[in-house]
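Worksheet for the structure shown next.
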Protein chains: 2
Amino acid sequence: MVTMRDVAQAAGVSAATVSRVLSGSRRVNPELAARVLAAQDELGYRTNLLASGLRRQRTDTVGMVVPQVGNPYFSALMEAVGRRLQRVGITVLLVDAENDPDAEAEGLHRLLDRSIDGLLAVPVDEHASTAALTEAAERVHLVQLDRAAEGVPADLVAVDHLAGIRSAVDHLVARGCSDLAFVSAEPRDSTARERARAFDDAMRATGATARASAFGSYTVEWGRVAATRLVEGGRLPQAIVCGNDLIALGVLAVLGEAGVDVPGEVAVTGYDDIGFATLTAPALTTVRQPVDSLAEAAVDLLLGDGPGEDGPSVQRFVPKLIVRASTDPSAPVPHRRRVQERP
Amino acid sequence: MVTMRDVAQAAGVSAATVSRVLSGSRRVNPELAARVLAAQDELGYRTNLLASGLRRQRTDTVGMVVPQVGNPYFSALMEAVGRRLQRVGITVLLVDAENDPDAEAEGLHRLLDRSIDGLLAVPVDEHASTAALTEAAERVHLVQLDRAAEGVPADLVAVDHLAGIRSAVDHLVARGCSDLAFVSAEPRDSTARERARAFDDAMRATGATARASAFGSYTVEWGRVAATRLVEGGRLPQAIVCGNDLIALGVLAVLGEAGVDVPGEVAVTGYDDIGFATLTAPALTTVRQPVDSLAEAAVDLLLGDGPGEDGPSVQRFVPKLIVRASTDPSAPVPHRRRVQERP
DNA sequence: GAGGTACGGGAAATCGATTTCCCACCTTCC
DNA sequence: GGAAGGTGGGAAATCGATTTCCCGTACCTC
C-alpha cells in the first residue's frame, strides 16, 4: 500500500507538508505543492480513510437504516437521500433491517462502530425500535425519516397521513362510494398506526361506513390474502383503501383474476405512488408521498445542529392524491402524452 | 468516547489484556477476563472499527456496486448477498452507480479508500467500466456478478443467457409464434449484448423470423416507447421477447391500454422474474434468474482465494423459464393455491 | 540595528486497537 | 537443585493521516 510517507519521500518533503497540500489546511509553497501533487499522481496515492477518520474524529459518512431495501418506496428514499448527500461529499452506508427490530439493532451497532457522523433511520417498529435508536441518538446525530419510534429524542421528517388518507377517502366518497374497506399493515410502525387512525377519522367525518379493517403487512402477498377474503366473503365493498401500494397491487391482482370490475364494482386506492402504480390495469389511484422533499428536509436536519433546547422537531409534509383509473375510468392514461411526443 | 484504555483501567488490567479477552486471541486468566467483560458491560464499550481496521489491515467489510438500486432485480441480488455475508459476520457497503460509469468509478474509489476486504461488482458498462474495475482488481479481491466488463482480471458469476433466451424463444415457437420482435437494452453491458446475440442465434436455430430489434434501456419507460412504436406501426408481431422484466412491464401496459389481446394477438416474455412479474394482467412469462445461486457462488468466490494461476474463472448458471399467462392462457394463476389454502 | 510579527516547514504527538517483545513465575524433568 | 520449557501479563511499537508545537527565515517598524 502506498502511504503518505511514500509520497512525502518521493516529493522530498515531510508528511506534514503532504497532508497540508492535499487537505488545503494551510498555505504551502506552490513549488513544493506541485512536487507533492506530481508524486501523488505518479504513485497513485489515495488517502486511507480509516487512518484519516481515526485522527480527525470525522468520517464524512452517514448511516441510513431502512426497513426493507426491496420495497420500492424505500429504494426511492435511498436514492433521493444518496443523491443529495453525494453532492456535499458525504458517503452513505446503507443497512437493511429486513423488517426485523433485532436485525435493525444489530445494523445500527455496526454503523455506530464505524464512527459515522450522522444517522438517518426509518424505524421498523414504533416500540421495539426505541431502545436501539435511543442509544444511537446518544452517540450520533440522528434524524428519523418517514416513521418515528416512540420516545426517541431525535428530529422527525414525515408525512401528514391524516391528510393523505383523508384525501383518498374524500375522493372515493365524492365518487359515490359509501361502503369502504381498509386493508393495511398491523399498526406496529407509526405510519401504519397513523393511517389506520386517519381512516377511522375519515369515516366519522364523511359518514361513510367501514368494513372491519384488515391488518397484515405492507406486502403484495398480504394484499392478495386480504382481497381473496373479501372476494370469497361475498358482498364486496364499494372501495378498498390500501395502506400502501404493494398491498394495493396484490388487491388489484386478485380482483382482476376474480373478474371483478375495477373501478365499476370496486374502486381501489394505494399509498406511496411507487413507479409500478402506473403499470397495473387499471392504473392505481394513490397518495403520492413527496420523497424528494422528505429526503431534502432530512438531509438538511442531519447536516444542521440537531435538536435544540426545546426538544426534537417534527416536520410533516402533505402528500398529494394522484387520481388514476382504479377509481376513475375517465382518468388520463399514464404517460400517454409523453409517448406520443416522440417521433 | 469510551476506549479500550478506559475498560482496562476499570478492570485493573492492561489494554493488551482487554484486547485479548475481547478477541480471544490468547488465553487469559478467567478471573481477569470476567472483570474485563464486566467493565465492558458497565461502560458500554464497543470497539472502534476504524482503529481496529487500521491496525489489523482487515475490516471484515466488502463493497458491492450495482448499476441501479431501484431495479428490483438488483435489490434482490443485494438482499441475497447481504444475507449470506451477514451470516459470516461481514458487513456490506453498498454503492449505487446510477447507471453511470463515472458515478460507478467514483463509488469504487470511495469503497477502496475504506480498506474493504473484497468487492462485488455488477459493472454498468462492458467497456466504460473496465478501467476503474481493473484498477480496483489490483487493490482488492474482486468478483464480477451478473455482468462482466471486458478484460477485467476477475472471476465472474453470471447467467447463461444463450440458454435463457433460447428457452423463451423455443417456448414461443412451440406455441405457434413465428414472427418475433426483440425489445431490449442497448448492448452496452454484457447481459444486453449476450441476450441480443442469443436472440439472433435462436432465430436462426428455430427458423422464426425476427422484426428489427429495438434497443433502448432496461426500463419500464423504454418498454412503453418501444411498444407504442409497434402498436402505431400497424402490423404487430406474434410475440415480443423483452430483454428484462421492466421492459416487459412497460410493453404489457401499453398493449393493455391499446386493447391488444395478450397472449391472443401478441405473446410477451420478460427476463429476471422480479416480484412484480406475477402482478400484471396477464401475468408475465419470464426467464427466472437464479438470484440465490448467483449470490452464493459470488460470495464463495469472494471469500476464497481469488483467480488462480490459470486466470479468472467464469461460472454460468442456467436460468429457468417460468410460463405464465402472457404466453399461455392456460397457465395456472399465480399464488392461487397458496391463497386458497388459507382459511 | 534591535525587536516584533508573519510565514511556512518539519519533528513528534496523537487518534484507538492490536501485536510484538520481554519478563516473571511456575512446571517438569533429569 | 538446576536447567529447560511453558504460561500469561504488561510496556511499547505499530497501523497511516493529521495537527500541535517549535524553529528558522523574511519582512517590518521605529
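Letters go in sequence order (proteins before strands), and every chain restarts at 1.
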[atom1]-[atom2] distance between [X] and [Y], expressed to the nearest 0.5 angstrom:
| X | Y | atom1 | atom2 | result |
| --- | --- | --- | --- | --- |
| Arg114(A) | Leu50(A) | CZ | CG | 9.0 Å |
| Gln144(A) | Leu142(A) | CD | CG | 5.5 Å |
| Arg26(B) | Thr17(B) | CZ | OG1 | 8.5 Å |

Does the [X] side chain pair with the main chain of [Y], one donor and one acceptor, at a distance under 3.5 Å?
| X | Y | value |
| --- | --- | --- |
| Ser217(B) | Ala185(B) | no |
| Arg316(A) | Ala158(A) | no |
| Thr134(B) | Ala132(B) | no |

Heavy atoms within less than 4.0 Å of DNA chain D: which residues of residues 27-35 of chain A have one? Give them sorted by number. none
Output the residues of residues 110-117 of chain B in contact with DNA chain D, where contact means a heavy atom of the residue under 4.0 Å from an atom of the strand; sort by number or write none. none
Go through the side-chain N and O atoms of [X] and [Y] and say whether any donor and acceptor fall under 3.5 Å apart.
| X | Y | answer |
| --- | --- | --- |
| Glu104(A) | Ser129(A) | yes |
| Thr91(A) | Arg110(B) | yes |
| Tyr218(A) | Asn99(A) | no |

Does anything in residues 36-48 of chain A pair up under salt bridge (Lys or Arg N to Asp or Glu O under 4.0 Å), and if so which pairs, sequence neighbours excluded? Arg46(A)-Asp113(B)
DNA chain D: first to last nucleotide in contact with chain A (atom under 4.0 angstrom from a heavy atom), 5' to 3', is dG16(D) to dC21(D)
Five-pair end axes of the helix from dG1(C)-dC30(D) to dC30(C)-dG1(D), angle between them (10°): 50°
Pairwise side-chain contact, [X] with [Y], heavy-atom cut-off 4.5 Å (strictly under):
| X | Y | answer |
| --- | --- | --- |
| Leu156(B) | Gln315(B) | no |
| Val140(A) | Leu112(A) | yes |
| Glu98(B) | Gln86(A) | yes |

Do the side chains of Glu296(B) and Arg83(B) get close enough for a salt bridge, i.e. N-O under 4.0 angstrom? no
Checking salt bridge (Lys or Arg N to Asp or Glu O under 4.0 Å) for the pair Arg147(A)/Glu126(A): CA distance, chi angles, key distance, verdict? CA-CA 8 Å; Arg147(A) 301 175 175 183; Glu126(A) 191 162 17; over 6 Å; no
With DNA chain C as reference, determine whether Ala51(A) or Arg56(B) sits nearer its 5' end, using the nearest nucleotide of each. Ala51(A)
Under 4.0 Å, heavy atoms only, any strand: does Thr3(B) hit a base, just the sugar-phosphate, or nothing? sugar-phosphate
Using a 4.0 Å cut-off on heavy atoms, which residues in residues 10-18 of chain B reach DNA chain C? List them by number, or say none. Ala16(B)
